[in-house]
Each structure stands twice: as C-alpha cells, then as structure tokens.
Amino acid sequence: MSASMRTKLGVAAGRSAGWLSRTITRGQGATISGRVINAIAPDALQELAEGQRVTLVSATNGKTTTTRFLATALAAGGRTVTTNSTGANLASGIAPTLAKAKGPGEAVLEVDERVLPRMVDPLGVELLVLGNLSRDQLDRYGEVHALSETWRETTEAHPELAVIANASDPHVVWAATPAKVTWVALGLGWRSDAATCPQCGALLQWSVDRFDCPSCGFGQPDAPNILDGTDLVLDGTRIALSIALPGSWNRANAALAVAAAAHLGVDPSVAAESLDAVTSVAGRYMSVPLGDGRNARVLLAKNPAGWTEVLQFLHHRDTAVVIAVNARVADGKDPSWLWDVPYELLRGKKTAATGERRLDVAVRLRYADVDYEIEPDPIMAARALPGDEVHIVASYTQFSALYRKHGHGR
Amino acid sequence: MSDDKPRDSAVGIGLIYPELLGTYGDRGNAVVLVQRARWRGIPAELVEIAAGDPIPDSLDVYIFGGGEDDPQHMAAEGMRASKANIERAHRGGAVVLAICAGFQLIGHRYVAADESVLEGIGLVDLETRAGSPRLIGEVVVQPTENDVWGELGTPRALTGFENHGGRTTLGPDVTPLGNVLAGGGNGDGSGVEGVLEERIIGTYLHGPVLPRNVELADRILAWVTGGLPSLDATLEQSLRAERLDAGMSKGARKWWRDRMLARG
Ligand SMILES: [Zn+2]
C-alpha cells in the first residue's frame with residue numbers, strides 16, 4: 001500500500017473514530033481521531049503538511065486565542081488558512097486538521113508546549129510563535145525550566161528557523177535566542193516562575209520594564225516591536241489593536257499575531273483591523289443566559305498566571321464574580337496555587353465559590369477579606385449574585401463543562 | 001513568647017524569600033497567621049524578606065517554603081549566611097515553620113541523586129536524601145502527643161498535599177510532627193511525617209498547611225502571643241473534614257490494594 005493510500009485510509013478511519021468519540025463520550029473527537037491516523041500512517045503528518053506553509057503557535061497561556069487571531073489576520077490578507085479551531089493541539093489533533101485542508105495555503109496550528117519540539121521536523125515548520133511559559137499544573141514538577149530547555153534544543157537544531165517571540169518572558173527568551181528571532185516586548189507579567197536565570201541560575205533582577213541577570217549577562221533583548229497600552233509599535237509604526245476580547249492578556253495575544261502576520265507578508269494594519277471580529281474563542285468569553293434577563297460572561301483561567309491576569313481585569317469592573325474550581329488531572333490535582341493568586345483584588349465585590357473545590361476557594365476568599373457565597377453549581381451561583389454584570393471564572397474542567405453545555409458553534 | 005505581657009509591637013510574620021521558596025502557595029501560611037491574629041485584635045504584619053537580603057533576628061515567625069532546584073540552592077546560601085540570626089531569634093522565642101524545601105534546609109544537608117550535597121542550617125537534627133518515586137498526593141497525619149504544643153494541646157489530625165522526592169531521616173532524639181495515616185510523609189520508611197521541636201515545625205504538607213489546619217495555625221500563634229481568644233472556624237473545619245475524607249479514602253484504598261497484593 002502506498003504511503004498516501006495509508007494516509008487516506010488513516011484519515012477516514014480517524015474520522016469515524018472521532019465521530020464515535022464525540023457521539024459516545026462527548027470527548028474531544030479531534031484528539032481520538034488523530035491517534036487513529038497516527039497509528040495507521042506514521043508518515044501522515046509529513047504528507048498532510050505538503051503544500052502548507054506551517055506556523056506553530058505555543059505558550060502556556062493564550063495559544064488558542066493567538067492562533068485564532070493569526071488565522072483571522074491571514075484570512076483578512078487574502079490567504080487560504082487551515083487551522084485547528086477546536087484547540088486539539090497534540091500531534092493527534094493536528095493530523096485531522098491538516099487532512100481538512102482544501103488546497104495549498106497557510107496552516108496556523110496551535111501546539112501543546114510539550115509537543116512542539118516533536119512537530120517542527122515532520123511539519124516542515126516555517127514560523128514559530130512563542131508567547132509565554134509559566135507553571136501550569138503544580139503536580140507536574142519542574143516543568144517550566146524543563147520545557148524552556150526542550151524548546152531551546154529545538155531552536156539550536158534549527159538556527160535558521162524564523163521565530164516571533166515574547167521578549168518580556170525569560171523562559172521564552174532563553175528558548176528562542178538560538179533561532180532567527182523577531183522580538184515583541186509584551187510587557188512584564190507573571191514572574192513567579194522566573195526567579196532565577198535560565199542560563200546560570202543567579203537571581204534575576206527585574207525593573208519596571210525589563211529583566212537582567214547580574215551574573216552572566218543574560219537579559220531582555222532589545223525589541224523592535226513593543227506592545228504599548230492598546231497599540232502595537234511595529235518597527236516604529238504605531239498600530240491600534242482594536243479587539244473585542246477583554247483584558248491585557250488578549251492585547252498581548254493580538255500583538256504577537258499581528259507581528260506574525262506581518263512576518264508572513266500581510267499588511268499589519270489590515271491584520272490588526274481584522275481582529276475586532278473575533279468575539280469568543282473556543283468558549284472563552286462566551287455569554288451564558290441566566291434566565292432572568294442577565295447573561296454571565298465566562299473566562300477560562302488555567303494556572304496562576306492566567307488567574308492573576310483575569311483578577312486584574314475584574315478588579316477594574318463593577319461586576320459580581322463566580323469562582324469555579326475543580327482539581328482533576330486536567331486542572332492539576334494540587335490547588336495550592338489559590339494562595340499564589342491575588343484574590344484580594346476582588347474586595348468589595350459580591351462573589352461565589354463553586355466547583356468541586358469550592359471550600360478551598362471559600363477559605364481563600366475569607367482570608368482575602370472578600371464576601372462570598374458557597375454554591376456547587378456555577379450557573380446557580382451566578383443567578384444568585386446581584387448586579388447587571390456577572391463573570392464566571394473557571395478552571396479547565398469547570399470551563400469545559402460549561403462550554404459543552406452552553407457553547408455555540410463548537 | 002509565651003508570657004502574657006502585652007506586646008509593644010505588631011507580631012512580625014516573616015515570609016522568607018518568597019521568590020525562591022514560594023512554589024506551593026506558601027504565602028497562604030503567612031496570610032492565615034496574620035489574619036487570625038488580626039481577627040482577634042492582635043496587631044500583626046506580614047514581613048517579606050526578599051531573596052538576597054539578610055534574614056533579620058527581629059521576626060516572630062519565620063516561614064521557609066517550598067522551592068525547586070536552583071531556587072533552593074540560592075535560598076540555602078542566604079539561610080546559611082543568616083544562620084546566627086535565625087538561631088538567636090528562635091532562642092528568643094520566635095517560631096520556625098519550614099515546609100518542603102524549607103523543611104529540608106533546616107536540617108543538616110540535602111544529598112541529591114548525583115550525591116552532591118546542599119548544606120542546610122542544622123537547626124534540627126535531620127538529613128534528607130533524594131529518592132524516587134516522587135511522593136505526590138493527599139496526606140493525613142496524626143500529630144505527636146507532646147508538651148511542646150502548649151496549653152491548646154495536641155491538634156487533631158492534619159491534612160495536606162505533598163509533592164516531593166526527598167527521603168528525610170530524623171536524628172535519634174528528634175520528634176516527628178506525627179504519624180502518617182495516608183500518604184508518604186518523610187518517605188524514609190519510618191511512617192512518620194515532619195518534625196516537631198519547641199517552637200519548630202517542619203513538614204512536607206502543603207495545601208497550604210495552615211488554611212487546611214487552623215488548629216496548627218493557632219498553636220503557632222499561641223507560641224508567640226500566649227493565650228488566644230477563640231475564633232469561629234466553621235468554614236475551615238468543613239474544608240479540613242472534606243480533605244481528611246479525600247485523604248483517608250485514598251489511604252484506605254491503598255491499604256486494601258496492598259493487602260490484596262500481599263495475599264497474591
Ligand atoms: Zn545568568
């Protein structure tokens with residue numbers, strides 16, 4: 001049997017398996033179907049990527065949104081785009097995405113941080129877009145530093161590879177430097193996972209706008225591109241990022257996407273203007289009717305860095321807040337991060353602690369001097385809170401459950 | 001200090017090197033001590049000692065938390081440099097709460113998998129060697145009955161979450177924090193967890209440990225301030241009960257599994 005015959009059979013078998021998975025378990029069909037494809041045709045990825053110019057997008061936080069932004073920007077620039085819009089970002093999710101390509105064009109693929117090094121060669125990647133690295137699931141020990149090292153091994157093996165990278169994240173800078181990097185300074189965010197220098201282990205020094213190692217000279221590279229408030233300054237040209245998605249973290253995602261689109265030859269102002277049309281990405285910021293005329297907005301927060309950004313956003317709004325936390329494997333089984341995140345920012349707001357770990361959340365809120373109710377179900381909790389605006393901030397499996405139930409256009 | 005003289009200054013809860021020793025919500029332990037003091041009308045303040053700065057001898061509680069490899073090495077350096085201050089403060093009545101990496105560093109040394117040695121401050125007679133597998137999951141510990149607990153007496157069973165590869169062995173005259181009812185604990189085969197000395201608690205329990213076990217938090221506060229007015233702890237006790245349940249059911253399952261395996 002020829003390789004392409006096996007690939008076609010594999011894709012067909014994979015589609016059936018995906019359909020079964022979606023029908024029976026309501027699982028992520030794309031992930032299951034990709035496993036089948038990979039088992040039947042090991043060369044499938046390489047073959048499926050033929051004719052595609054492949055960009056991989058990875059980060060701890062924001063990779064799904066950045067991928068959507070970049071795909072949208074390339075489409076606005078007249079390109080034919082294939083992208084994994086369901087967020088299935090393992091090898092097994094990428095294969096069925098590529099199998100759906102209608103012809104040659106751009107493939108914009110979100111890829112899991114751990115999987116990225118194994119994808120670069122088989123996909124013949126043209127461009128990497130690297131956002132940030134922070135701790136994700138605490139029970140996976142030593143992860144951030146190790147991930148940064150595996151990314152660096154990849155760029156060391158591909159010094160000619162083009163990379164768009166966040167200059168404000170020490171782990172990303174360490175990982176990207178050996179390749180041909182276009183730096184974008186996205187501003188300093190979560191720094192608790194980057195206390196020490198990735199190169200020599202000394203204590204990093206942080207100022208308002210940069211980090212430096214006093215010991216070995218490692219530090220924030222000068223970036224020609226800078227996110228400045230709601231504008232991206234791209235090689236000296238100021239471009240307004242008018243996006244519908246909320247929060248500074250989404251402006252950072254947009255800035256990376258526009259810089260990547262510009263690298264791929266799309267007019268950056270065309271790219272930037274197109275992003276306004278993105279109003280919800282895989283359920284992030286979806287609106288759920290509460291049945292009393294009000295809607296709740298749903299935000300996903302997967303890890304301490306993500307929670308901190310979301311809380312800073314909510315702090316400035318007149319909104320009630322539901323905190324929905326589980327501690328299953330996909331959330332991380334250790335919710336001690338609750339104490340690393342500044343819930344004090346919710347003082348003065350009405351809040352509710354929900355989800356399977358609602359008691360941990362309630363205790364955290366009590367010690368933050370925040371008013372809280374306790375209620376198992378996030379929608380019931382949102383209904384019981386007063387005010388015109390309600391936000392539900394959910395950990396991964398809480399978010400997935402809400403998305404399955406209330407998400408549209410899956 | 002345990003005399004009941006009125007204090008002339010706020011209780012200083014020291015969070016030592018939070019950038020380095022703050023992996024598992026260690027700030028939570030400091031926040032709980034500060035709030036439980038304040039809610040009783042006792043002025044208290046959280047004092048952060050930044051990495052690279054000397055650790056002063058003026059604090060009432062010294063919290064050393066968890067950290068990964070490079071940060072733990074840097075923290076050890078700073079702790080050794082300030083060893084005399086920490087010892088002086090402890091002799092003068094201050095409390096040491098040391099968790100995970102911090103627990104290992106109040107001992108003599110940590111011996112890594114490659115036999116390299118990281119020297120601790122030797123405040124307590126204990127030593128840790130790297131081991132595998134990592135011990136990860138819910139832990140339940142029955143605290144040791146001991147006079148050092150003071151007037152409040154021995155706290156009830158403690159719940160926490162552990163995540164460590166260390167195998168810690170206590171010296172012959174050293175008392176453990178308690179016996180492991182579920183989970184790994186010190187992991188050296190002795191079936192015990194942590195260390196308990198006068199005004200010193202070392203443990204692998206995070207969670208963090210004090211929000212889940214406010215009885216332990218109150219004993220630490222009482223060591224510093226003397227008698228404590230009672231405080232409603234309904235919410236904290238329901239969290240503790242839920243986590244004890246989760247930890248013990250896992251422990252019970254493991255007990256049955258081991259039994260079945262032993263029988264073949
Ligand atoms: Zn350095």
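Any value given below was found using the heavy atoms of this structure, including those in side chains, with hydrogens, waters and symmetry copies removed. Just so it is clear, the model here is predicted, and its values are computed rather than measured.
Between B:Arg243 and A:Leu359, the closest side-chain pair of non-hydrogen atoms is not below 4.5 Å. Residues A:Trp339 and B:Leu210 are not in side-chain contact: their nearest non-hydrogen atoms beyond the backbone lie 4.5 Å or more apart. The closest side-chain heavy-atom distance from B:His206 to A:Asp334 is below 4.5 Å.
Taking B:Val32, B:Leu20, B:Asn29, B:Asp70 one by one and counting their heavy-atom pairs under 4.5 Å with chain A, the maximum is reached by B:Val32.
Residue contact with chain B, scored on non-hydrogen atoms closer than 4.5 Å, is absent for A:Tyr343. Within the 4.5 angstrom heavy-atom criterion, no atom of A:Ala194 approaches chain B. Residue contact with chain B, scored on non-hydrogen atoms closer than 4.5 Å, involves the side chain of A:Arg357 exclusively. For A:Leu338, no part sits under 4.5 Å from any heavy atom of chain B, backbone or side chain.
The main-chain N or O of B:Pro211 is never found under 3.5 Å from a side-chain atom of A:Arg364 such that the two would form a donor-acceptor pair.
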TODO: Take A:Leu204 and B:Glu19 through the side-chain contact (heavy atoms from CB on, under 4.5 Å) test and state the conclusion after the steps.
DONE: CA-CA 10 Å; A:Leu204 283 181; B:Glu19 318 90 314; over 6 Å; no

Open item on the list: Apply side-chain contact (heavy atoms from CB on, under 4.5 Å) to residues A:Thr196 and B:Glu68 and explain how you reach the verdict.
Closed with: CA-CA 10 Å; A:Thr196 53; B:Glu68 298 188 353; over 6 Å; no

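Smallest separation of non-hydrogen atoms from B:Met74 and A:Leu203: SD-N, 3.6 Å.
Of the inter-residue distances, the one linking B:Glu236 atom CD with A:Arg366 atom CZ reads 4.0 Å to the nearest 0.5 angstrom.
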